Amino acid sequence: MKWKEISVVTEGICAEAVAGIFHQLGSGGVVIEDFQAARRYENQHSWNPGMFSPDFYDHDFVVIKAYFSDERQVLEDVERLLAKVEANFGVKCRVFLDEVKDEDWEESWKKYYHTFKVGDRIVIKPSWEEYEPQAGEIVVEIDPGMAFGTGIHASTRFCLRFLDKYLKGGEKVVDAGCGSGILSIAAVKLGAARVWAMDIDDVAVKVARENVKLNGLEDKIQVEEGDIIEKIAQLEVDMVLANITAEVINELLPEAARALKEGGWFFGSGIVDSRFPGVQQKLDECGFVIEEILTDVDWVGVAARKIRK
Ligand SMILES: C[S@@+](CC[C@H](N)C(=O)[O-])C[C@H]1O[C@@H](n2cnc3c(N)ncnc32)[C@H](O)[C@@H]1O
């Protein structure tokens with residue numbers, strides 16, 4: 001299998017916005033090469049300039065790279081969303097496309113993905129590592145492949161922390177945009193009775209199903225392909241997990257409000273801080289009250305409760 005590498009060459013000011021576009025389109029990971037940041041670290045003596053050729057420092061642009069399976073037709077969406085970035089920031093974005101072979105890409109990133117903990121109880125363990133759980137720990141075994149959801153990204157960690165804190169046991173849960181299935185698996189291991197997981201990306205659906213099987217949870221987690229905004233209204237649940245983007249969350253909220261029982265939880269994540277006021281307003285309009293907000297650099301996660309039917 002082959003993967004495509006999409007690189008956007010642009011100015012530092014919009015690097016996070018471009019990374020956010022890749023995030024929204026479901027890329028499993030984003031690489032930002034920022035030569036100016038390298039120069040700043042060199043000035044703080046926390047960077048060894050000898051490691052790189054002198055030309056490296058001459059660039060004023062940044063390169064943001066993301067990876068998608070070769071079958072995914074994302075280029076048109078990338079270009080459409082980049083046009084908005086160009087208009088908003090007054091910059092130019094140039095797109096380059098390359099191919100990466102499975103063995104080069106999939107094997108090389110595995111070297112950097114190891115077992116780690118989120119909070120006191122949740123342990124995320126890559127399928128190829130061994131781990132002996134300590135008392136009280138739950139282990140989520142994951143092989144993310146090309147789906148989003150290693151647990152490393154702040155947006156996933158926000159939802160894991162909310163689950164750890166607010167899930168009491170026996171809940172019916174929707175995992176909106178399940179990616180690798182990491183949140184669904186954590187929810188059941190923390191005590192949820194049943195999870196409906198959905199993703200619009202067929203690669204994510206395949207990966208999530210494999211991970212559900214890996215954890216032996218096929219009887220509790222149902223993974224489906226589709227648009228969660230269209231499907232959620234058919235359900236009645238206690239909790240909705242939505243690590244997607246502010247735009248999708250705003251569209252999902254009125255539907256999620258119909259699906260959630262009174263007192264039910266909505267965990268929203270993948271929200272870039274500049275878009276959070278819009279989400280706050282939508283939560284209020286849809287009858288939610290915010291219980292907790294988590295932030296990390298420019299990402300925001302929110303835990304809110306449905307108070308009105
Ligand atoms: C940021 S990833 C989150 C993955 C995982 N839940 C986590 O927390 O790490 C967002 C996922 O939402 C999916 N997605 C985006 N819009 C969607 C929609 N309208 N319905 C279902 N899935 C959607 C993307 O394909 C992507 O896999």
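Counting starts at 1 for both ligands and their atoms, following the listed order. Computed from a prediction, not measured in an experiment: that's the story for all the values here.
For the ligand labelled ligand 1, residue G226 lies inside the 4.0 Å heavy-atom shell.
Here the protein heavy atom with the shortest distance to atom 14 (N) of ligand 1 is I200 CG1, 3.6 Å. When only non-hydrogen protein atoms are considered, atom 5 (C) of ligand 1 lies nearest to C178 O, 3.4 Å. Distance from atom 15 (C) of ligand 1 to its nearest protein heavy atom, with residue and atom name: I244 CG2, 3.5 Å. Shortest contact from atom 19 (N) of ligand 1 to any protein heavy atom: D227 OD1, 2.9 Å. The protein heavy-atom contact nearest to atom 9 (O) of ligand 1 is T156 OG1, 2.6 Å. Of the protein's non-hydrogen atoms, the one nearest atom 12 (O) of ligand 1 is G177 CA, 3.2 Å. Protein heavy atom nearest atom 24 (C) of ligand 1, with residue, atom name and distance: D199 OD1, 3.4 Å.
Atoms of ligand 1 lying under 4.0 Å from any heavy atom of G179, numbered from 1 in the order shown and given with element: 4 (C), 27 (O). The atoms of ligand 1 that sit less than 4.0 Å from any heavy atom of G149 are 9 (O). Close approach of ligand 1 to H23 is summarised as follows: ligand atoms under 4.0 Å from at least one heavy atom of the residue are 1 (C). Of all atoms in ligand 1, listed by their number and element, those nearer than 4.0 Å to a heavy atom of D201 are 25 (O).
Residue contacts with ligand 1: I228 is placed with a nitrogen or oxygen under 3.5 Å of a nitrogen or oxygen of the ligand (distance criterion only). The N/O atoms of N243, backbone and side chain alike, include one that comes under 3.5 Å of an N/O atom in ligand 1.
Formation of a donor-acceptor pair under 3.5 Å by the R209 side chain with backbone atoms of V223 is found in this model.
Ion pairing between a basic and an acidic side chain is recognised when a charged N comes within 4.0 Å of a carboxylate O; E292 and R161 show no such pairing. Between K213 and E210 there is no salt bridge, since no side-chain N of the basic residue sits under 4.0 Å from a carboxylate O of the acidic one.
Counted by atom type alone, Y166 and E291 present zero donor-acceptor pairs between their side chains at under 3.5 Å. In this model, no donor atom of one side chain and acceptor atom of the other lie less than 3.5 Å apart for N211 and S180.
Around atom CG of L75, more than 12 heavy atoms belonging to other residues, nucleotides or ligands sit under 6.0 Å away. Atom NZ of K117 is surrounded by more than 12 heavy atoms from other residues, nucleotides or ligands within 6.0 Å. The environment of CZ in R275 is sparse: at most 12 heavy-atom neighbours from other residues, nucleotides or ligands sit within 6.0 Å. More than 12 heavy atoms of other shown residues, nucleotides or ligands fall within 6.0 angstrom of atom NZ in K4.
The proximity of S155 to ligand 1, defined as any non-hydrogen pair under 4.0 Å, does not occur for either the backbone or the side chain. Using a 4.0 Å cut-off between heavy atoms, L183 contacts ligand 1 through its side chain alone, with no backbone atom that close.
Taking the six-membered ring for Trp and thresholds of 30 and 60 degrees, F267 and F162 have ring planes inclined between 30 and 60 degrees apart.
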